[in-house]
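Okay, structure first, notes after.
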Amino acid sequence: MSQLFLTNSLTRRKEAFVPIDPGHVRIYVCGPTVYDYAHIGNARPVVVFDVLARLLRRLYPRVTYVRNVTDVDDKINAAAKANNEPIGALTSRTYRAFVEDMAALGALPPDIEPRVTETIGPIIALIERLIANGHAYVADGHVLFSVPSKLDYGLLSRRSRDEMIAGARVDVAPYKQDPADFVLWKPSTPDLPGWDSPWGRGRPGWHIECSAMSWRHLGPEFDIHGGGVDLTFPHHENEIAQSTGAFPGTRFARYWVHNGFLMVNGEKMSKSLGNFFTVRDVLKMAPGEAMRLVLLKTHYRDPLDFTWARLDEARAELDRFYRALEAASGGEVAPDVPVPGPVMDALCDDLNTPLALSRLHELGAAALAGDAGAAAGMRAAGTVLGLLQQDPADWFRAGTDAGLAAEIEQAIAARRAARARKDFTEADRIRKALADRGIVLEDKPGGATVWRRA
RNA sequence: GGCCCGGUGGCAGAGUGGCCAUGCAGGGGACUGCAAAUCCCCGUACGUCGGUUCGAUUCCGGCCCGGGCCUCCA
């Protein structure tokens, strides 16, 4: 069995992955806050950790992958108010859209998708433990985490408490004992979501939910915690403080895995710059599989610059992959074969998807030369990468209804007749007319003509 | 200001102390009625200045540039 290596943000080094329980690997990833359609930056961790989960399932007998759904949040409250829509309606509608979009990107659902609204009990229990352990205090209706009470605070982000305060942009509320302290529980107004607690009606702070949900579903200590680099501080740092503070002697997550930031046209994606794209925007321009490939063409830790040219390039690469599958196996799905070693090795080396893809291209070249085994290997590799699982015919001709398909076949027949009588002007006119509608014809050696979308 | 990433050929993007990445785009050729696809061939690549070394894109240091975090953010 291949040995998996992962870059652990805690040590900043690539380490051999050794699970706590080799019989059951447990991973937690920060999921979406459901207040609006997912943007392409949201899609990156989903796809990256989908590949990691698929890989872990190949390597270990049992994997539990937990990704939370944040359905209590100030942004949600604000969006619901702006839309004049009940909060529950907004979150369930947005969650459904998220599920659809991520499925379009080929991401499998996690094993468990806990919601904050279903985790209030564990959140309160966790806060009570923190108070009992001297890491939290009640002040002015709030419960706050006492950062100075945790001597090891700042290990993940390598930031001392003094450095944080030097940033001077922390909100120094009067009820805080220390400027670095953060909210675990805060009072709620009657018009906003709230739950009864020992500290009155209120709602949880942002960070506590992940500590509570991971604890509930994976225990106080588990293998991998994933998320975007931008969450390293303060979110992940605070999660560690909360969880290890509530359960002294435990280490919370053993491996912290962070995906790099996504930019658009060299700039940070933002609504004000006009370069903000949702997954839906992209899906109007290209198949989800092409967007997935864009996300996997860059190593997960590196910054990724999204451009429409890259999306086109990814589609062109997939054309070649599917052509190879079609050439070697006629589109037949091969029986279960192992993932080719070179691909597996690349993925096990800190999820090196760009290298794995280059090896997929090498298999593609062999498949184009007629090597059916290479094609089967591509399919197998695709099960880990979440690519190449379609029938090539669907990839090349998806989105055309039966009527259009029949029309194209008619045009092909007419062109065949024209070619038979050497009327190449007419034959080329027919082909040009189809090309103008995005349909490309290919004359095969045997005399057959096939079509595909451009 | 503090902490942290990254700078590879037209573009994207791996990797390595001395020899091929890979893909896309481009040029030439084969094939084709012409195309498309495929195959073959081609292009001074490693931010910069020093250091270590027989030899550095690869190791070390300074500098320059880009980006992230320090506030909601994947």
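Each chain gets a letter, A, B and so on, in the order the sequences are listed, and its residues count up from 1.
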Any strand counts, and the cut-off is 3.5 Å on both contacts for Watson-Crick or G-U wobble. Which nucleotide pairs with [N]?
{"N": "B:U38", "result": "B:A30"}
{"N": "B:G43", "result": "none"}
{"N": "B:C20", "result": "none"}
{"N": "B:G61", "result": "B:C49"}
{"N": "B:C72", "result": "none"}

Look at the side chain of A:Arg323 and the base of B:A37, then say whether one donor and one acceptor between them are separated by less than 3.5 Å. no
Looking at B:C72, does its base get a donor-acceptor pair with the side chain of A:Asp230 below 3.5 Å?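 Counting by modelled atom types and ignoring angles, no donor-acceptor contact under 3.5 Å is found here.
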What is the separation between atom [atom1] on [X] and atom [atom2] on [N], rounded to the nearest whole Å?
{"X": "A:Glu209", "N": "B:C72", "atom1": "CD", "atom2": "P", "result": "13 Å"}
{"X": "A:Leu293", "N": "B:U22", "atom1": "CG", "atom2": "C1'", "result": "13 Å"}
{"X": "A:Glu317", "N": "B:A37", "atom1": "CD", "atom2": "P", "result": "15 Å"}
{"X": "A:Arg453", "N": "B:A36", "atom1": "CZ", "atom2": "P", "result": "17 Å"}

Check every strand shown and say whether A:Arg67 touches a base, only sugar-phosphate, or nothing at a heavy-atom separation below 4.0 Å. nothing
Need one value for A:His39: base, sugar-phosphate or nothing, where a base atom within 4.0 Å counts as base even if backbone is also close, heavy atoms only.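 Contact class for A:His39: base.
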Under 3.5 Å: donor-acceptor pair, side chain of [X], backbone of [Y]:
{"X": "A:Asp371", "Y": "A:Gly373", "answer": "yes"}
{"X": "A:Arg292", "Y": "A:Leu105", "answer": "yes"}
{"X": "A:Arg67", "Y": "A:Pro109", "answer": "no"}
{"X": "A:Ser243", "Y": "A:Ile240", "answer": "no"}
{"X": "A:Glu317", "Y": "A:Arg315", "answer": "no"}

Are side-chain N/O atoms of A:Asp111 and A:Thr64 paired as donor and acceptor at under 3.5 Å?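 No, A:Thr64 and A:Asp111 have no side-chain donor paired with an acceptor closer than 3.5 Å.
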Between the side chains of A:Tyr65 and A:Asp50, does any donor sit under 3.5 Å from an acceptor?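 Result is no, nothing qualifies.
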Can you tell me how far [atom1] in [N] sits from the matching atom in [M], rounded to whole Å?
{"N": "B:G55", "M": "B:G18", "atom1": "C1'", "result": "6 Å"}
{"N": "B:U57", "M": "B:G51", "atom1": "P", "result": "14 Å"}
{"N": "B:C19", "M": "B:U58", "atom1": "C1'", "result": "14 Å"}
{"N": "B:A36", "M": "B:A30", "atom1": "C1'", "result": "15 Å"}

Under 4.0 Å between a side-chain N/O of [X] and OP1 or OP2 of [N], yes or no?
{"X": "A:Lys75", "N": "B:U71", "value": "no"}
{"X": "A:Ser358", "N": "B:A21", "value": "no"}
{"X": "A:Arg359", "N": "B:G23", "value": "no"}
{"X": "A:Arg310", "N": "B:C11", "value": "no"}
{"X": "A:Arg320", "N": "B:U38", "value": "yes"}

Determine whether A:Ile120 and A:Arg203 satisfy the following criterion, side-chain contact (heavy atoms from CB on, under 4.5 Å), listing intermediate values before the conclusion. CA-CA 9 Å; A:Ile120 299 300; A:Arg203 53 201 157 107; over 6 Å; no
Are A:Phe261 and the base of B:A74 stacked, counting only ring centres nearer than 5.5 Å and planes tilted under 30°? yes
Please determine, for the side chain of A:Lys268, which listed nucleotide (B:C69, B:G23, B:G33) has the closest atom? B:C69
Can A:Arg115 be said to sit on top of A:Tyr95's aromatic six-ring, NZ or CZ under 6.0 Å from centre and within 45° of the ring axis?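 Because its charged atom sits under 6.0 Å from the ring centre and within 45° of the axis, A:Arg115 does stack over A:Tyr95.
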Shorter than 3.5 Å, N or O on both sides, protein versus nucleotides 4-6 of chain B: list them out with atom names.
none

